[in-house]
Number of protein chains: 2
Amino acid sequence: MSQDLPTTSYALLGLLSFGDDLSGYELKQRADRTLRFYWVSPAMSQVYTELARLTKLGLVRAREDTTAPTRSTRRFQITAAGRRDLQRWLSSATVEFPALKHPIALRLLMGHLAGPETSVTLLEDYLGLLAERRAELQAVRDSLIVDPHSPVDRFRYPRMVADWGLDYYESERAMVVELIRRVAATDT
Amino acid sequence: MSQDLPTTSYALLGLLSFGDDLSGYELKQRADRTLRFYWVSPAMSQVYTELARLTKLGLVRAREDTTAPTRSTRRFQITAAGRRDLQRWLSSATVEFPALKHPIALRLLMGHLAGPETSVTLLEDYLGLLAERRAELQAVRDSLIVDPHSPVDRFRYPRMVADWGLDYYESERAMVVELIRRVAATDT
DNA sequence: AGGGTACTGTTCCTACTAGGAATAAATGCC
DNA sequence: GGCATTTATTCCTAGTAGGAACAGTACCCT
């Protein structure tokens, strides 16, 4: 049925597949809260662009929300066709290596121009960002609890993926500490 | 002098800062060989677009290479102004968190739709890609040897950054092995 | 009540950039 | 010589980051 779509489309479909009806704004918030640790959160304009496309393709259904007193909001939900297409993509898409733009590693690569002190500062600043990011993901992980009343454990896989992210942040932290030591050792 | 440029511009300037004159094509090859482990290698069209911009701004100098028998090639080298601007950027740019698009983690997040078997296959395929990528970076690391005759150790920082990348690949491998175990444990 | 701030919701805009195709010259191999 | 590969560059399309702009809603304080 539908031709292949960019991965961002499937990422948003995936967020909708957890079952909630969301406005475009809410979907962006959801991506900012959960998706961004593994896949850069799409820009707001991208979210709406994708939703329009997915709606046109019948993979998402838009519904006017009339429960609000004065304002009308469009809410989006995945369709059965959308769910099927997402499953098809998950089962058949080629496995592609992660794309990374790591500004800190890039800048350290040019340490010969920046010098040791600037490089140490750069790494220390990054440690701070890492700690924040890790705390944010830990909070998300803590919210992915098993619901004893639900017949299905909705968050088994998200929990595993969060653990993956936390493991990455921890090993990154350790490596950056070691790099600081090595760069600073230059300075003597 | 120059307004701020996108990071990709500085990435290419950084590659040129190691001292060689390179054609656009060679610069792309250089990026494919060294830069891509930390910063997605710019597309060919992007390389030429950036070189044109950098040349216009006086940060890069283009020179016709007339040593070839019949064909003329433009070769690019960083100017003193380019080096200074790169240093300014390295010293003053805000530290930004790395941007990541991790298709495997994204797909595992939707494991409820893919199912355990597909998820295990996905992770196993990724292990294969990881092994390849690691071998490639190891080869690069092995080439960054200390030149005993050179007054300056050009590759101190690139060696450190390569170690960073290798460390990342190793910890990623270990985590993926663990994830395979966890997902497969589902299947019983 | 009014004003200011923050939040929700959506569209429009610009610049960056991935991924090729297209074109052509040069090189290497059978 | 013919073919495949490599070097070199330009052109093109579609995806997308990052905001701005606009407007309605809710909340808080004076």
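Below, chain A is the first sequence line, B the second, and so on; all start at residue 1. Given the structure is predicted, the values throughout are model-derived calculations rather than measurements.
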Parallel, tilted or perpendicular, as decided by the 30° and 60° cut-offs, for the rings of Phe97(A) and Tyr169(B):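 The rings of Tyr169(B) and Phe97(A) stand perpendicular, inter-plane angle above 60°.
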Can you label the angle between the Tyr168(A) ring and the Tyr168(B) ring as parallel, tilted or perpendicular, going by 30° and 60°?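 Plane angle over 60°, so perpendicular.
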Rounded distance (Å) that lies between atom [atom2] of [N] and atom [atom1] of [X]:
{"X": "Leu12(B)", "N": "dA18(C)", "atom1": "CG", "atom2": "P", "answer": "10 Å"}
{"X": "Asp32(B)", "N": "dA18(C)", "atom1": "CG", "atom2": "P", "answer": "11 Å"}
{"X": "Glu50(A)", "N": "dA17(D)", "atom1": "CD", "atom2": "C1'", "answer": "13 Å"}
{"X": "Trp39(B)", "N": "dA18(C)", "atom1": "CH2", "atom2": "C1'", "answer": "14 Å"}
{"X": "Gln29(B)", "N": "dT9(D)", "atom1": "CD", "atom2": "C1'", "answer": "14 Å"}
{"X": "Leu5(A)", "N": "dA18(C)", "atom1": "CG", "atom2": "P", "answer": "21 Å"}
{"X": "Leu27(B)", "N": "dT7(D)", "atom1": "CG", "atom2": "P", "answer": "14 Å"}
{"X": "Leu35(B)", "N": "dA18(C)", "atom1": "CG", "atom2": "P", "answer": "11 Å"}

Using heavy-atom distances to pick each residue's nearest nucleotide on DNA chain D, tell me which of Thr7(A) and Phe76(B) is more 5'. Phe76(B)
So if I take every side-chain heavy atom of Val40(A) and compare against dA17(D), dT17(C), dT7(D), which nucleotide ends up nearest? dA17(D)
Tell me whether the OP1 or OP2 atom of [N] has a side-chain N or O from [X] closer than 4.0 Å.
{"X": "Tyr25(A)", "N": "dT8(C)", "result": "yes"}
{"X": "Lys28(B)", "N": "dT6(D)", "result": "no"}
{"X": "Lys101(B)", "N": "dT17(C)", "result": "no"}

Sub-6.0 Å ring centroid separation between His102(A) and Phe37(B): no
Does the gap between the ring centers of Tyr25(B) and Tyr48(B) come in under 6.0 Å?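 No, too far apart.
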Got a list of protein N/O to nucleotides 10-13 of chain D N/O distances below 3.5 Å?
| residue | atom | partner | partner atom | Å |
| --- | --- | --- | --- | --- |
| dT10(D) | OP1 | Arg74(B) | NH2 | 3.1 |
| dT10(D) | OP2 | Arg74(B) | NH2 | 3.3 |

Tell me whether Met160(B) shares a hydrophobic cluster with Val140(B), the cluster being built from Ile, Leu, Val, Met, Phe, Trp, Tyr side chains joined at under 4.5 Å. yes
Applying salt bridge (Lys or Arg N to Asp or Glu O under 4.0 Å), run through Glu26(A) and Arg75(A) and close with a yes or a no. CA-CA 9 Å; Glu26(A) 286 170 336; Arg75(A) 291 195 177 286; 2.4 Å; yes
Quick one: is the NZ or CZ of Arg63(A) closer than 6.0 Å to the six-membered ring centre of Phe76(A), and within 45° of its axis? no
